[in-house]
2 protein chains.
Amino acid sequence: MNQDSILRSLIAENLVSDPASARGRLLHEAARLFRDKGYERTTVRDLAAAVGIQSGSLFHHFRTKEDILKAVMVETIRLNTALMQAAMEAATTHRDKLQALIRAELESINGQTGEAMAVLVFEWRSLSEASQAYVLELRDIYEQLWLDVLDALRKDGVLAAEPFVVRRLLTGALSWTVTWYRPDGGLTLDDLTEQVVAMMGLTRAEN
Amino acid sequence: MNQDSILRSLIAENLVSDPASARGRLLHEAARLFRDKGYERTTVRDLAAAVGIQSGSLFHHFRTKEDILKAVMVETIRLNTALMQAAMEAATTHRDKLQALIRAELESINGQTGEAMAVLVFEWRSLSEASQAYVLELRDIYEQLWLDVLDALRKDGVLAAEPFVVRRLLTGALSWTVTWYRPDGGLTLDDLTEQVVAMMGLTRAEN
DNA sequence: TTACAAACCAAGCGCTTGCTTGGTATTGTC
DNA sequence: GACAATACCAAGCAAGCGCTTGGTTTGTAA
């Protein structure tokens, strides 16, 4: 399954919005605005203007402004969990599975869904507690993928640190790339992936 | 120089506010509120109430609300640059210098100045562009400390990845600890430091 | 053509926001 | 003890906020 067919099947199951639909376009613009200006600094008038309607008309599609933020986050997690799963299943060795996960997460942070992923990282506190709990549940599925691979590497004797700590350190390291990585800066995503693997001392030759 | 004497000399030079002064107490409360609720969600009334004065009286001490945010960030960077420098100079080998830097940064993120450091990471966009530029200048001094040590390790053949990439990955990994690390969770800051070093494959025996 | 719902507009309400104003205590100095 | 300077209060203004309301246009299907 390639990325496009994964997206299409999620749309068919109504788990994410079609980017071509009114709702999908709004969520895309919202992600962009929330990333650029922050959730609080983005007004419903900004959101409405971005899709060419009046501010009041937004509330025909979403009950509250926060619902829009929640939808951005939920749909992003759903899509990326599916993409991760596919990327990992395509690899064979534990080391390659880890590299695939790193590569996939870098892609989700710096590629098409980058705006939404940045929102997920930096606008977390703007979600109500109830919504936070819901999103956290979705994230657990996603996190288990990582822990399984890191546990295996640990048992192989390739990884010296605790898997759950490593995952959290990696979460930070990879999320943070959104603040500095630019695809046109002479470093491809593949290069960056290799740098991460190299920093961990997991060079290809050894394993 | 221990931490306390560093703080005192910075106060004497008027580079950071005395925590006991009115200004210092306000900045401390501001850091806490900004971290807990975010800059935008924190009102000047919240800030004033936290130090027991009326909202209007704030503007006797600071010209604008944003000036308070800027002051929190500037003073935090000044203090931590000094702490880092001291921590690093106390170590001898390159590996130990790196470990000292990691330990110091974890301390600044999760210790006394943790609230202010979290603000520095997560409220960056709330600063005006002019203030951002000023804070960035201060940060460059700080960053050079890291790059010098990482360059040395690279030349020693102990580090396989590019120093400037590693620094950015570490920035993310260490900053992110503020979202999950709890000192009472069975993992000390020393433990955590060792985990970071272990993740990088720099175990004590080898070097 | 008719019927009806979904999508949208124009206007604005009620509230909160950062900040200002004019005046009053409090503190330090000679 | 006179006199500033500093620190603060009480009140409120202008602007911007999320969201509501009542009504109109557009799409769809019989």
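No experiment lies behind these values; they were computed from the predicted model shown. Here is how names work: the chains are called A, B, and so on, in the same order as the sequence lines, proteins then strands, and each is numbered from 1.
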With a cut-off of less than 4.0 Å, is there a side-chain N or O of [X] near OP1 or OP2 of [N]?
{"X": "A:S57", "N": "C:dA7", "value": "no"}
{"X": "A:H60", "N": "C:dC8", "value": "no"}
{"X": "A:H61", "N": "C:dC8", "value": "yes"}

How many Å lie between [atom1] on [X] and [atom2] on [N], as a whole number?
{"X": "B:Q54", "N": "C:dT21", "atom1": "CD", "atom2": "P", "answer": "18 Å"}
{"X": "B:E66", "N": "C:dG18", "atom1": "CD", "atom2": "C1'", "answer": "13 Å"}
{"X": "A:I53", "N": "C:dA6", "atom1": "CD1", "atom2": "C1'", "answer": "13 Å"}
{"X": "A:F59", "N": "D:dC17", "atom1": "CZ", "atom2": "P", "answer": "12 Å"}
{"X": "B:K65", "N": "D:dA15", "atom1": "NZ", "atom2": "P", "answer": "19 Å"}
{"X": "B:R41", "N": "D:dG18", "atom1": "CZ", "atom2": "P", "answer": "11 Å"}
{"X": "A:F62", "N": "C:dA7", "atom1": "CZ", "atom2": "C1'", "answer": "14 Å"}
{"X": "A:D46", "N": "D:dC17", "atom1": "CG", "atom2": "P", "answer": "7 Å"}

Q. Given the rule in the salt bridge (charged side-chain N to carboxylate O under 4.0 Å, His left out) test, do B:E123 and A:R125 qualify, once you have shown the distances and angles that lead to the verdict?
A. CA-CA 12 Å; B:E123 303 300 334; A:R125 276 173 324 179; 2.5 Å; yes

Q: Any chance you could measure B:D148, atom CG, to B:L153, atom CG, to the nearest 0.5 Å?
A: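 Nearest 0.5 Å value for the CG-CG distance: 11.5 Å.
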
Q: Counting heavy atoms from C-beta on, name the nucleotide in C:dG18, C:dC9, D:dC19 closest to the side chain of A:V44.
A: D:dC19

**Q.** Closest listed nucleotide, where the reference is the side chain of A:S55 and the choices are D:dC19, C:dC8, C:dT17
**A.** D:dC19

(Q) Given 3.5 Å as the limit, does a donor-acceptor pair link the side chain of B:Y142 with the main chain of B:M84, or not? (A)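 Pair absent, no side-chain N/O of B:Y142 close to backbone of B:M84.
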
Q | Donor-acceptor pair, side chain of B:K70 and main chain of B:S128, under 3.5 angstrom | A | no

Q. Is the shortest distance from a Lys or Arg side-chain nitrogen in B:R25 or B:E29 to a carboxylate oxygen in the other one below 4.0 Å?
A.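 The answer is no: the pair does not qualify as a salt bridge.
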
Q | Donor-acceptor pair (no angle test) under 3.5 Å: A:R45 side chain, D:dG16 base | A | no

